[in-house]
Chemist: 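Input: one structure, supplied below.
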Amino acid sequence: MTTSTPALEPPDDARRLERAFRCAALDPALSGVLLFDLEPRLIRPVAGLFTAILGGPAGPPAARIPLGAATRDEDLWVTSRLERHRDGIAFTVAPGPLVAGAGPPPLAVVPDLAHLSVAGMRAAVQLIGADVVCVEQPGLRLVDRPRARWLAVCRSEDSGRVTPHLLDRFALRLAVPGLRTVPEGLSSDSAAPLGAFAATTEEAVTRVQEILGPGAGPRRSLALARLARALATLGGQREVTAAHCEDAARLIGLRVTEPAPSADRPDSGEPGPLPAPLPHPGDTGRRGGRSNRRRRPEEEQPLLASGPAEGVGSAPGAPLGMPYPEDDAVALREFMPLRNPWQRRSGPASARGAVVGTRRAHDLRDLALLRTVREAAVHQRIRGYEDFTVAPVDLHSNLRAPAPERLLTLLLDHTCRGDWDWQDALTPFLQWAYTARAALHVIEVGGADAADELRAESFAARGVLDPRLMTALYRPRGRATPLAHGIEQAARTMRQAFRRQGSALAEAWLVVVTDGRGNVPLRASHTGRLHGPVAARGIEDSLTAAAPIAALDRGRLRVAVVDAARRPYGELPFALAETLGAMVVEGRGDHGS
């Protein structure tokens, strides 16, 4: 039994943040700070507080390096400069912002760790907590100690999507869902740290193991011990005590248990409790730990007897503020998250993908016109020209997220499923989408919980690991089947994908799972009202809506109809496949009714 003291939460989350940032600035081994459930509007002021601590009370704030879904290796490791020399102009290669050696340590800011690019994840795994980094780039070879600090933000429900290989790099983790404001200035109540780190004692090591419990990994034990050492150093102490370990545990939100009695410690030297005597062969009353003697009413004990409080959780150091939410997260992860998928490129990469921001232009391709004009308008009065003038320094280009080169569109007719598990029929297509990192678009018709049963519903996802896909695959069936509206949405999705991505879309699949029995005309789906008898109007409208899909680029688009094999009218899926120009895949072997 483990007893625990009441959790002593710091009075202010902002105070916790400042203490954690000071520890990260002091010890390079604590360079990674991960905040869970931080409000997006607070990312900028929190990063400002961290950069002010890194810069020191008298120095300038540290530089910030934003990292996101569009971060590339070229943005992190190498910087190209155009310089004038005596014999002309030449390019020089210099270390990038992550490994630059001048000024205070830079701060890499990741607003959403679950959507960080592969290049950003590889940089984080390579730099956070490392002693030495080796950069091998064209024109640059560098071996140095990493100086950058990292500040990442992640939602607790997204922690299961991030690889543990990356999460383990962040030694400092704080759950700050209740943080509302961040102080602009730094507090001056911190003592000046010593010139060297405080010495870690055997007492501190034992206390760290007691707080975390036997199931904690070595990285978490090291992180808590280093945090306790940083707190002791900031407090001007020369040795790390058990109190520093408890203070560090409370700082990151861990429950602090009472220390074990001295008799339980391995180095106490005192004899432990005697083992229980072995049962005798004839003593059947104690065999199996259960007594056969019937208890009298006066001997029975109450079920909820009062006693000392017990810690909640499987381990003594159960998380109170959830600094490790990935332990309980149930989510699918990618098999090789640090490796780029095989790509077949056509055209410049900068002109593809959704626009996620702007940056200064390096050439005249893909200019962000609105940002360019706004930047030029700011300087018109200073330049003093009569006409509106755009200078080269005003030019900005679009910053785009990587565009998927493959697309899987699923049209799911829930009314044809019944007790049939269609996941086996869809597995080859889902495996292809997973292997190719294809984008996913799901269209549903006939769901029981649809907002409007006369219309189809759809959603777009980054891939097949989106948790909404499993919910869609097992959604209960409803009454109406607006199949024509679903096919019309599928045709619109394919046309938009080919028009938006152009030749960058290398391959696309449209998979329709249906029995072909549409009982909602297309006009009823558009107007939201059903007039008169339907008869075969829903089926005819489905075939009419499918005809434009057959005219799309069949060199890149492939279509399949999964036959639900329902009787009667078992020929309807084949008629739909003929109109779509699709192949027919057998759904279930036994024909249902």
Side-chain angles (χ1 to χ4, degrees), residues 40-52 54-55 58-98 100 102-104 106-112 117 119-120 139 182 184-185 345-403 496 499-504:
R41 65 180 180 85
L42 296 178
I43 294 177
R44 179 181 291 273
V46 167
L49 176 63
F50 202 171
T51 54
L54 292 175
R64 301 183 197 177
I65 309 170
L67 278 76
T71 301
R72 305 173 303 171
D73 288 327
E74 294 81 359
D75 304 328
L76 303 176
W77 303 107
V78 176
T79 301
S80 299
R81 298 174 181 172
L82 184 63
E83 297 181 349
R84 183 184 300 276
H85 298 276
R86 293 182 177 178
D87 51 350
I89 299 176
F91 282 97
T92 59
V93 179
L98 276 182
L107 177 63
V109 182
V110 184
D112 191 350
S117 65
V182 180
E184 297 180 356
R345 297 185 178 278
S346 56
S350 60
R352 302 197 302 268
V355 177
V356 296
T358 60
R359 60 182 174 185
R360 291 199 179 277
H362 302 289
D363 49 38
L364 298 180
R365 292 181 300 181
D366 198 22
L367 291 178
L369 301 180
L370 181 60
R371 175 63 188 277
T372 300
V373 172
R374 189 177 62 183
E375 194 74 18
V378 174
H379 304 92
Q380 291 303 304
R381 180 171 297 180
I382 299 177
R383 291 169 183 168
Y385 296 111
E386 295 181 358
D387 299 330
F388 189 88
T389 306
V390 178
V393 71
D394 300 330
L395 296 178
H396 281 71
S397 60
N398 290 319
L399 182 63
R400 296 178 179 272
Q496 290 178 350
R499 183 171 60 250
R500 185 185 304 116
Q501 298 181 232
S503 59

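Hydrogens, waters and symmetry mates are skipped; everything else that's a heavy atom, side chains included, is used. Bear in mind the structure is a predicted one, so any value in this text is a computation, not a measurement.
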Chemist: Between atom CG of Leu107 and atom OG1 of Thr51, what is the distance when rounded to the nearest 0.5 Å?
Modeler: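 Reported value, rounded in 0.5 Å steps: 6.5 Å.
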Chemist: Return the NE2 to OG distance between His362 and Ser397, rounded to the nearest 0.5 Å.
Modeler: 6.5 Å
Chemist: Closest heavy-atom contact between Pro104 and Leu54?
Modeler: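 Shortest heavy-atom separation between Pro104 and Leu54 comes out as CB-O, 3.7 Å.
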Chemist: Not counting sequence neighbours, which residues clear salt bridge (Lys or Arg N to Asp or Glu O under 4.0 Å) with Arg64? List them please.
Modeler: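 Here no residue qualifies.
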Chemist: What heavy-atom pair brings Val109 and Ala47 nearest, and what distance separates the two atoms?
Modeler: CG2-CB, 4.1 Å
Chemist: Other residues, nucleotides and ligands only: do more than 12 of their heavy atoms fall within 6.0 Å of OH on Tyr385?
Modeler: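 Counting other residues, nucleotides and ligands, OH of Tyr385 stays at 12 neighbours or fewer.
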Chemist: So, do Val393 and Arg360 sit near enough that their side-chain heavy atoms are less than 4.5 Å apart?
Modeler: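 Result yes, sub-4.5 Å side-chain heavy-atom pair found.
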Chemist: Please name all residues satisfying side chain to side chain donor-acceptor pair (under 3.5 Å) with Arg381, sequence neighbours left out, ordered by chain then number.
Modeler: none
Chemist: The criterion is salt bridge (Lys or Arg N to Asp or Glu O under 4.0 Å); which residues satisfy it with Arg499, sequence neighbours excluded?
Modeler: none
Chemist: Please report the closest heavy-atom contact between Thr79 and Gly96, naming both atoms and the distance.
Modeler: OG1-CA, 3.4 Å
Chemist: Which residues satisfy the side chain to side chain donor-acceptor pair (under 3.5 Å) test with Thr358, sequence neighbours excluded?
Modeler: Arg371
Chemist: What residues, two or more places apart in sequence or in another chain, satisfy salt bridge (Lys or Arg N to Asp or Glu O under 4.0 Å) together with Arg72?
Modeler: Asp75
Chemist: Leu395 and side chain to side chain contact (heavy atoms under 4.5 Å, CB included): which single residue from Leu369, Val390, Asp363 fits?
Modeler: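 Per the side chain to side chain contact (heavy atoms under 4.5 Å, CB included) rule, the option paired with Leu395 is Val390, out of Leu369, Val390, Asp363.
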Chemist: With sequence neighbours excluded, tell me which residues meet salt bridge (Lys or Arg N to Asp or Glu O under 4.0 Å) with Arg383.
Modeler: Asp394
Chemist: Heavy atoms only: give me the nearest Leu67-Ile65 pair and the separation to one decimal.
Modeler: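 Reported closest heavy-atom pair: CD1-O, 3.0 Å.
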Chemist: So which atom in Ala62 and which in Pro106 form the shortest heavy-atom distance, rounded to 0.1 Å?
Modeler: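 Looking at all heavy atoms of both residues, the shortest contact is CB-CA, 4.4 Å.
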Chemist: Strictly distance-based, threshold 3.5 Å: is any side-chain N or O of Ser117 a donor or acceptor partner for the main-chain N or O of Thr71?
Modeler: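 Yes, because the side chain of Ser117 sits within donor-acceptor range (under 3.5 Å) of the backbone of Thr71.
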